[in-house]
Amino acid sequence: MPELPEVETIVRRLREGNAAEGVLLGHRVLGVNVLWARTLRGADEATLQAQLPGQRLLSVGRRAKWVVMQFDNAALLLHLRMSGDLRVESQAAALQPHDRLLLDFEGGLRLTFNDPRKFGRAWWTQDPAAALADLGPEPLDEGLSDAVFYQRLHRVQRQLKPLLLDQRFLAGLGNIYTDEALHRAGLHPLRRSNTLTIEEAQRLLRAIRAALQEGIRRNGASIDWVYRGGNFQNYFRVYQRTGQPCPVCGTPIVRLLVGQRGTHICPVCQPAPDTPAGGV
DNA sequence: CACGAGACCTGTTCGC
DNA sequence: TGCGAACAGGTCTCGT
């Protein structure tokens with residue numbers, strides 16, 4: 001489920017802990033339970049069992065779509081991919097279907113990583129900065145200027161949608177927020193990145209930030225059978241709204257396939273780029 | 001370099 | 001009703 005706003009929401013909740021039973025921050029891990037071995041990366045189960053118990057959780061943060069849990073001597077990096085979820089609950093709570101990794105903390109709390117599709121990953125690493133080194137800039141970082149964004153767009157000649165999904169170009173967007181941002185910016189997903197004017201680049205960066213900030217404000221989007229309590233899904237402009245009216249002009253939303261991903265646009269607000277071959 | 005296809009996985013929904 | 005196909009919020013690798 002998670003893109004940047006959903007991960008941000010999850011991270012904030014992890015910091016708060018479980019209202020009824022306490023927080024994880026500052027507490028030591030007592031035990032680790034690996035229920036699906038392929039969840040682990042960077043270290044095998046024996047290493048994790050040898051190194052994680054006894055370590056205190058110092059901070060919980062986010063980088064792109066990664067949850068960064070810093071312990072005394074190393075970090076646990078969690079990526080939820082398509083279907084991952086994190087719960088903070090009592091160690092007495094019953095296991096749920098698809099639970100993959102359990103961390104029991106002193107004080108009686110447990111952090112549970114649940115992931116039906118098994119795509120999610122937990123990296124145990126002494127050097128989290130190196131593990132995250134290939135990620136592009138954070139879109140909400142004010143240090144990312146219009147001029148720099150424009151330059152980055154012009155360094156390559158790629159379709160906008162796959163480019164925005166490339167975490168090395170910009171870190172944190174996924175399928176929902178890319179579609180929403182392109183609609184807000186009035187740009188077609190197949191536009192070539194190096195054809196954008198400085199004004200269009202500026203509009204795109206502002207649209208990305210507006211979509212992400214609205215997502216965070218609404219605690220993320222909750223779709224399908226995974227429900228997290230966010231309600232951004234009720235405010236989508238185009239995502240999964242095929243056939244419904246564009247909120248700007250009323251034209252029915254159209255679904256395309258771009259880079260193997262379902263893509264939703266308003267054909268009027270987001271005019272197709274000229275193509276030498278004629279037709280997209 | 002840029003893109004498409006396939007892989008990794010399970011669950012839900014759609015269409016006949 | 002039943003059953004297979006299509007689809008799902010993400011990345012990774014390989015071939016062209």
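These figures come from a predicted structure and were not determined experimentally. The chains referred to below are lettered A, B, ... by the order of the sequence lines, with proteins before strands, and numbering in each begins at 1.
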Report the distance from atom [atom1] of [X] to atom [atom2] of [N], rounded to the nearest whole Å.
X: Glu3(A); N: dA8(C); atom1: CD; atom2: C1'; answer: 12 Å
X: His79(A); N: dC12(C); atom1: NE2; atom2: C1'; answer: 12 Å
X: Lys161(A); N: dT11(C); atom1: NZ; atom2: P; answer: 13 Å
X: Leu163(A); N: dG10(C); atom1: CG; atom2: C1'; answer: 16 Å
X: Leu170(A); N: dG10(C); atom1: CG; atom2: P; answer: 14 Å
X: Glu8(A); N: dG9(C); atom1: CD; atom2: P; answer: 22 Å
X: Arg100(A); N: dT10(B); atom1: CZ; atom2: P; answer: 7 Å
X: Asp179(A); N: dA8(C); atom1: CG; atom2: C1'; answer: 13 Å

Please determine whether a side-chain nitrogen or oxygen atom of [X] lies at a distance below 4.0 Å from atom OP1 or OP2 of [N].
X: Lys65(A); N: dG9(C); value: no
X: Gln167(A); N: dT11(C); value: yes
X: Arg81(A); N: dG9(C); value: no

- Message: Applying side chain to side chain donor-acceptor pair (under 3.5 Å), can you list everything that pairs with Thr112(A), at least two apart in sequence or on another chain?
- Response: Glu89(A)
Which listed nucleotide ([options]) is nearest to the side chain of [X]?
X: His98(A); options: dG9(C), dT10(B), dG10(C); result: dT10(B)
X: Lys118(A); options: dC9(B), dG11(B), dG10(C); result: dC9(B)
X: Arg117(A); options: dT11(C), dT10(B), dG9(C); result: dT10(B)
X: Arg38(A); options: dC9(B), dG9(C), dG10(C); result: dC9(B)

- Query: How would you list all residue pairs meeting salt bridge (charged side-chain N to carboxylate O under 4.0 Å, His left out) that involve residues 95-105 of chain A, not counting sequence neighbours?
  - Reply: Arg87(A)-Asp99(A), Asp104(A)-Arg110(A)
- Message: Under the rule for ring-ring contact (aromatic ring centres under 6.0 Å, His included), what residues qualify as partners of Tyr177(A), not counting sequence neighbours?
- Response: Phe232(A)
- Which residues pass the ring-ring contact (aromatic ring centres under 6.0 Å, His included) test with His98(A), sequence neighbours left out? none
- Could you list all the side chain to side chain donor-acceptor pair (under 3.5 Å) pairs where at least one residue sits in residues 234-243 of chain A, not counting sequence neighbours? none
- Item | Side-chain donor-acceptor contact under 3.5 Å, Lys161(A) with Thr178(A) | no
- Message: Please tell me whether Gln49(A) and Glu45(A) have a donor and an acceptor in their side chains that are separated by less than 3.5 angstrom.
- Response: yes
Determine the contact category for [X]: base if any of its heavy atoms lies under 4.0 Å from a base atom, sugar-phosphate if only primed atoms, P, OP1 or OP2 are that close, otherwise nothing.
X: Tyr177(A); value: nothing
X: Arg192(A); value: sugar-phosphate
X: Arg121(A); value: nothing

- Task: Please round to the nearest 0.5 Å and tell me the distance separating atom CG of Leu163(A) and atom CZ of Arg191(A).
- Result: 13.0 Å
- Supply the atom-to-atom distance Asp274(A) CG to Arg192(A) CZ, rounded to the nearest 0.5 angstrom. 13.0 Å
- Query: Stacking between Phe119(A) and the base of dC8(B) (centre distance under 5.5 Å, interplanar angle under 30°)?
  - Reply: yes
- Query: In residues 251-264 of chain A, which residues come under 4.0 Å of DNA chain C by heavy atom?
  - Reply: Arg255(A), Arg261(A)
- Message: So, using side chain to side chain contact (heavy atoms under 4.5 Å, CB included) as the criterion, who are the partners of Arg15(A) when residues are at least two apart?
- Response: Val11(A), Arg12(A), Leu25(A), Val60(A)
- Note on the structure: side chain to side chain contact (heavy atoms under 4.5 Å, CB included) filter on Ala122(A), not counting sequence neighbours, yields Thr39(A), Leu40(A), Leu76(A), Leu78(A), Leu101(A)
- Message: Once pairs are restricted to Watson-Crick or G-U wobble with both distances under 3.5 Å, how does DNA chain B read as a dot-bracket string, [ ] for crossings and | for other-strand pairs?
- Response: .|||||||.|||||||
- Task: For dA5(B) versus dC7(C), give the span between their P atoms, rounded off to a whole number of Å.
- Result: 13 Å
- Message: I'd like the P distance from dG9(C) over to dC14(B), given in whole Å.
- Response: 15 Å
